[in-house]
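Down below is the structure, laid out as structure tokens.
To find a chain, count down the sequence lines: A is the first, B the second, and so on, and within it residues start at 1.
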Amino acid sequence: MASPGGAALQRHAAVAVLRAAAAAGDLSRVKALHAQIIRAAHFHVVLHNNLISVYAKCGQVGLARKVFDAMPFRNAVSGNLLMSGYSSSGRHKDSLALLREADFGLNEYVLSAAVAASAHVRSYEMGRQCHGYAVKAGLAGQPYVCNAVLHMYCQCARMEDAVKVFENMSGFDAFAVNSMINGFLDRGQLDCSVRIVAGIMGEVERWDDVSYVTVLGHCASMKDLVLGGQVHAQALKRRLELNVFVGSALVDMYGKCDRANDAQGAFDVLPEKNVVSWTAVMTAYTQNELYEDALQLFLDMETEGVKPNEFTYAVALNSCAGLAALRNGNALGACALKTGHWDHLVVGNALMNMYSKSGSIEDACRVFNSMPLCDVVSWNLIITGYAHHGLAREAMEVFHYMLSVGEVPSYVTFIGVLSACAQLGLVDEGFYYLNTMMKAFGVTPGKEHYTCMVGLLCRAGRLDEAERFIVDNCIGTDAVAWRSLLSSCQIYKNYGLGHRVAEQILQLKPNDIGTYVLLSNMYAKANRWDGVVKVRKQMKERGVRKEPGVSWIQVGTDVHVFTSEDKVHPQIDQITIKLEELIDQIKAIGYVPNFAVVLHDIEDEQKEEHLMYHSEKLALVFGLIHTPTGETIRIMKNLRICDDCHVAIKLISTVTSRKIVVRDAVRFHCIEGGVCSCDDYW
DNA sequence: TACACTCCAA
């Protein structure tokens, strides 16, 4: 009989080789050693626990389970090892099931694993029971248990419970603080995360790596560039800007704070870039409307050999949506399908968004119908997509269908619904949704909803009520609502009210050119040249420059960009000839150039030429020349389409028998047979 | 005596 010391030595040796084999990833060697151990050695719980551990680390949790089942008895470590094995392969439910049949002791390790598994499956019930058990067993004060419990409550959206646990903890604990901040961020309770972040800014030396990631996430949500910069400076002291987690969080923070260049800078210094860092920097560009740069990064990433995942596809598709690049989006969708990412919710939603923003609501619907599962975002995309395309009836139909299948509408859903009501002139229904149904679903109306209501009243011609509505609901500080009313004053030729509204808008000192153009048009139509002068003066004072009108169209794989009065396009002569021809044709059926649109003090003849070279007309003619007869033409414009072009394009759709879809800064105009889906109201 | 545990980025 070997001495006890000798057996211990053998066990140590066996464990060492076992671990070496596992570290080398040599599964067949592990299995051979397993057989040898069973044959040669007496049962020893620690040795068998090592077997469980090694199998679990090799991702062979089934084999780990076999070892576990074959043991004559187990201890808490055996249970904990198998539970962690299940958890690390994502089988949290199996981990919890093991707990229920437990014939091993429960200690603080097992409990924290159980609580962590409850957190992963978001089971408040299970997590609470474990917490209760921990309290009874006197283990609730153990730091690991405590942190796991805290995190579980955060994951299950029970911040009140989490706060109670947090307040009972003594001293600074990075894990606990990180969990609390993330919990509040996930729930959108920024006022609460502000307090925690403020409380730990003085203890930076006790932060861990995750704290940097978490606090940067807070800065991103708050768009707090000042605090974000301070955290960045602190991170530099520890060289944490090189850590891929911290680096990606920095990229995200700068992106959300509208600093695409700084995001790129944080990305560039990363020695090891993974799919998350690449996706983060693409997102930064997309959020800052630098869509081409984002798509270029997508190509660079592939060149670097990093494989895109579902988030990467979603961001790339959102960039295509921004450009209305239907063909590129289509190609990306095909790639996502081929690589098996297509059935992810984020990809399906991004595809729907891309199709919808590219003017193809039919394709968006096709994606929607083929999605294995959808969420409220998918429903919202369909509803708002229909509304933007002027298909309000369809939007309402989908909304009612959504309710009938028990889907809960959100804040965004009601924006789509109310704008559909506005298009259909359903004033009473609109107020019913705003005052009754939104309350029933616990959605607090925001300025977007109130703005829809203003549009609804305006469209019904109830301009005075719209004015009162703005004042009563305190949205008078928002130029968007006034702008809506101002457009209607022009349409209904109510220049008295229009003048009052214009004064209100001027007082708000807006920064966007679109508003000034609208104001100027209003004054011009009302023959108030003093107003036009005032508008120009304020524009100059506020440094608002006239943003050039840009339109673009995709033909084949190329995107062709046209700026207004830009006569440098290589095919401008051909375009001009065709355009003059078309203008003659539409003049024959009633087109009269609308000089009121032109703001310059020039002769009428020059004005006519000016109008002719509007970017959307150039893009349209280019499309007519380069696409086969009968094909739908899709044009994008950075500003709102101008009155004159709107009329001209409607008539051109008649004389050429083409369907023409124009996406402007606000909505879609689906023009066919001389009629526009916007009903000439936009 | 040996075996193990909680928080993070798009």
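Separating the CZ atom of A:Phe184 from the P atom of B:dC7 is a distance of 18 Å, rounded to the nearest angstrom. Atom-to-atom, NE2 of A:His120 to P of B:dC5 comes out at 14 Å; the value is rounded to the nearest Å. In this structure, A:Phe73 places its CZ atom 17 Å from P of B:dC3, rounding to the nearest Å. With rounding to whole Å, A:Asn243 atom CG is found 9 Å from B:dA9 atom C1'. Put simply, CD1 on A:Ile181 is 16 Å from C1' on B:dT6, counting in whole angstrom units. Distance CG (A:Asp209) to P (B:dC8): 13 Å, rounded to an integer number of Å. Rounded to whole Å, the distance from CG on A:Asn50 to P on B:dA4 is 7 Å. Spacing between atom CG of A:Leu216 and atom P of B:dC8 amounts to 15 Å, rounded to whole angstrom units.
Counting only distance, with no hydrogens or angles, the side chain of A:Trp207 and the backbone of A:Ile200 share a donor-acceptor pair below 3.5 Å.
Out of B:dC8, B:dC7, B:dC3, the shortest distance to the side chain of A:Ser179 is found at B:dC7. Ranking B:dT6, B:dC5, B:dA2 by closeness to the A:Val46 side chain, first place goes to B:dA2. Nearest nucleotide to the side chain of A:Val213, out of B:dC7, B:dC3, B:dC8: B:dC8. Nearest nucleotide to the A:Asn178 side chain, out of B:dC7, B:dC5, B:dC8: B:dC7.
At least one test fails for A:Arg128 against the ring of A:Tyr153: distance under 6.0 Å to the centre or angle within 45° of the axis.
With hydrogens and angles ignored, a donor-acceptor pair under 3.5 angstrom links the side chain of A:Asn274 to the base of B:dA9. Remark: the A:Asn309 side chain and the B:dA10 base include a donor-acceptor N/O pair separated by less than 3.5 Å. Between the base of B:dC5 and the side chain of A:Tyr109 there is no donor-acceptor pair shorter than 3.5 Å.
Counting heavy atoms of neighbouring residues, nucleotides and ligands inside a 6.0 Å radius, atom NE2 of A:His44 exceeds 12 of them. No more than 12 heavy atoms of other residues, nucleotides or ligands sit less than 6.0 Å from atom CZ of A:Arg259. In this structure, A:Arg65 places its CZ atom where more than 12 heavy-atom neighbours from other residues, nucleotides or ligands lie under 6.0 Å away.
Taking the charged nitrogens against the carboxylate oxygens, A:Arg158 and A:Asp161 have no contact shorter than 4.0 Å, which rules out a salt bridge. The existence of a salt bridge linking A:Asp69 and A:Lys66 is excluded, since no basic side-chain nitrogen approaches an acidic carboxylate oxygen closer than 4.0 Å. By the 4.0 Å N-to-carboxylate-O rule, A:Glu160 lies too far from A:Arg187 to be salt-bridged with it.
Between the side-chain ring of A:Phe245 and the base of B:dC8, a stacking contact exists by the 5.5 Å and 30° definition.
At the heavy-atom level, A:Arg74 lies nowhere under 4.0 Å from the strands shown. Counting any heavy atom pair closer than 4.0 Å across all strands shown, A:His44 reaches a base atom.
Residues from residues 275-294 of chain A lying near DNA chain B, meaning a heavy-atom separation below 4.0 Å, are A:Val276, A:Thr279, A:Ala280, A:Thr283 in numerical order. Within residues 248-265 of chain A, the residues that have a heavy atom under 4.0 Å from DNA chain B are, in order of number, A:Ser248, A:Asp252.
When each of A:Leu63, A:Leu27, A:Asp26 is paired with A:Cys58, the side chain to side chain contact (heavy atoms under 4.5 Å, CB included) condition holds for A:Leu27 and for no other.
A:His151 has no side-chain polar atom (N or O) that falls below the 4.0 Å cut-off from OP1 or OP2 of B:dT6.
Residues A:Tyr313 and A:Trp342 place their aromatic rings such that the two centres sit no closer than 6.0 Å.
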